[in-house]
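For reference, the structure is listed below as structure tokens.
Heavy atoms only: backbone and side chains are in, while hydrogens, waters and symmetry mates are out. Whatever order the structure lists them in is the order used to number ligands and atoms, beginning at 1.
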Amino acid sequence: MADVSALLEGIRAGRRAAVSQAITLVESTRPRHREQARELLAGIEQREAVRVGISGVPGVGKSTFIEALGTRLTAAGHRVGVLAVDPSSVRTGGSVLGDKTRMARLATDPAAFVRPSPSAGTLGGVARATVQAMAVLEASAYDVVLVETVGVGQSEVTVAGMVDTFLFLTLARTGDQLQGIKKGILEISDVIAVNKADGDRLQEARVAARDLAGALRMVRGRGEWAPPVVTCSALEDDGVDDVWDRVLEHRHHLGAEGLARKRAAQQLDFTWALVRDELEQRLRHSSAVRAIRTELSEAVLSGELPATVAADRILQAYDAG
Ligand SMILES: Nc1nc2c(ncn2[C@@H]2O[C@H](COP(=O)(O)OP(=O)(O)OP(=O)(O)O)[C@@H](O)[C@H]2O)c(=O)[nH]1
Ligand SMILES: [Mg+2]
């Protein structure tokens with residue numbers, strides 16, 4: 001497909017078509033493309049953007065928020081890349097069309113690059129593609145990269161592992177409703193914003209932010225970064241600048257060394273994630289495993305064979321194959 005050196009040249013020059021093609025290349029699972037993607041990634045200039053993950057339940061306003069924030073940032077002279085990690089597109093094989101339409105301004109902004117979620121593969125595969133797409137954007141002088149992900153399943157943990165700051169958007173919830181927020185997500189969040197703080201919901205949002213800040217003090221230990229909880233209205237672009245200030249404060253708190261350490265640790269985690277993803281692919285495609293798969297599955301289902309024995313046989317077949 002691609003001429004890697006032409007792509008590299010285009011990326012350096014900041015040409016959108018080249019950036020777009022390069023991202024398509026890193027998303028591809030075809031062996032020839034993966035080889036070219038490796039060549040491409042080895043050749044691009046390594047730069048570091050401000051990497052921010054944005055998560056929250058469907059409909060909380062992530063895309064609207066990114067539209068407001070991204071427009072502000074490009075107006076201030078930044079180049080903004082937007083990527084999405086969407087686990088539902090992994091399941092259904094379709095990608096979210098909504099994201100583009102809800103970022104109408106940003107999608108036509110010459111200083112922004114909006115890319116929907118890759119639509120094929122496992123979450124591990126999508127994560128691999130996203131990390132590489134991030135590198136492509138950075139090499140093309142996008143200095144802020146925003147990654148949108150729905151706060152269901154594992155995708156937010158995956159995204160938190162590839163960004164500097166993780167922003168969690170939520171809706172006004174107080175008291176018992178706070179239980180509905182997964183504890184795990186509060187643990188990985190660096191900044192929390194109660195969105196849709198507008199109209200009749202403004203007061204409610206403020207109360208919710210205060211309650212949430214209280215609940216968080218119990219989750220986090222002393223001396224750790226205490227995630228600030230603020231309110232905003234993405235729709236009215238109110239408080240979005242304040243949320244961004246908090247993101248920058250979190251960066252400042254990490255400091256250059258802390259950030260470097262965090263990124264290095266993420267690289268190591270990513271290394272193993274790549275290995276696991278590759279092993280899973282190989283397991284799935286192994287003809288030796290395929291040959292015994294149905295028979296073993298039936299034996300386990302009928303209670304004839306214990307899971308431990310079946311697992312051993314599968315691994316033996318894989319190792320021998
Ligand atoms: N009143 C109000 N509505 C908002 C606000 N932010 C988003 N919305 C509305 O909420 C709906 C969902 O917004 P999106 O930005 O698409 O939400 P999302 O979190 O990206 O949703 P998914 O991508 O489907 O997970 C849209 O109708 C928005 O107009 C806000 O601050 N205030
Ligand atoms: Mg969205």
Q. Hey, is the main chain of V82 close enough, under 3.5 Å, to the side chain of E148 for a donor-acceptor pair?
A. no

Q.
At less than 4.0 angstrom from any non-hydrogen atom of D198, what atoms of ligand 1 do you find?
A. 1 (N), 2 (C), 30 (C), 31 (O), 32 (N)

Q. Is the closest side-chain donor-acceptor distance between T24 and R115 under 3.5 Å?
A. yes

Q: Could you point out which residue of H250, R263, R51 forms a side chain to side chain donor-acceptor pair (under 3.5 Å) with D164?
A: R263

Q: Just jot down the ligand 1 atoms closer than 4.0 angstrom to any heavy atom of T64, in number order.
A: 6 (N), 7 (C), 13 (O), 14 (P), 15 (O), 28 (C)

(Q) Can you tell me which portion of V60 lies within the under-4.0 Å heavy-atom range of ligand 1? Options are side chain, backbone, both, or neither. (A) both

(Q) If the cut-off is 4.0 Å to any non-hydrogen atom of G61, which atoms of ligand 1 fall inside it? (A) 6 (N), 7 (C), 13 (O), 14 (P), 15 (O), 17 (O), 18 (P), 19 (O)

Q. Can you find a non-hydrogen atom of G59 under 4.0 Å from ligand 1?
A. yes

Q: Examine T64 and say whether one of its N/O/S atoms is closer to the Mg ion (ligand 2) than 2.8 Å.
A: no

Q.
Quick check on side chain to side chain contact (heavy atoms under 4.5 Å, CB included): which of L73, V50, L137 does V80 satisfy it with?
A. L73

**Q.** Hydrophobic cluster membership, L41 vs I23, 4.5 Å side-chain cutoff
**A.** yes

Q) Do any nitrogen or oxygen atoms of A234 lie less than 3.5 angstrom from nitrogen or oxygen atoms of ligand 1? A) yes

Q) By number and element, which atoms of ligand 1 are closer than 4.0 Å to a non-hydrogen atom of P58? A) 25 (O)

Q: Looking at E148, pick out the N, O or S atom nearest to the Mg ion (ligand 2) and give its name.
A: OE2

Q) At under 4.0 Å between heavy atoms, which part of L235 makes contact with ligand 1: side chain, backbone, both or neither? A) both

Q) At under 4.0 Å between heavy atoms, which part of E148 makes contact with ligand 1: side chain, backbone, both or neither? A) side chain

(Q) For R16, I'd like to know if atom CZ has over 12 heavy atoms of other residues, nucleotides or ligands within 6.0 Å. (A) yes

Q. Hey, does the side chain of N195 reach the backbone of A234 with a donor-acceptor pair shorter than 3.5 angstrom?
A. yes

**Q.** Polar atom proximity, F65 to ligand 1 (N or O, under 3.5 Å)
**A.** no

(Q) For L25, is there any backbone N or O sitting under 3.5 Å from a side-chain donor or acceptor partner on R30? (A) no

(Q) Keeping T149 on the side-chain end and G53 on the backbone end, is there a donor-acceptor pair under 3.5 Å? (A) no

Q: Run down the list K196, M103, E236 and name the one with the heavy atom closest to atom 11 (C) of ligand 1.
A: K196

Q. So between S63, G199, C232, A205, whose heavy atom ends up nearest atom 20 (O) of ligand 1?
A. S63

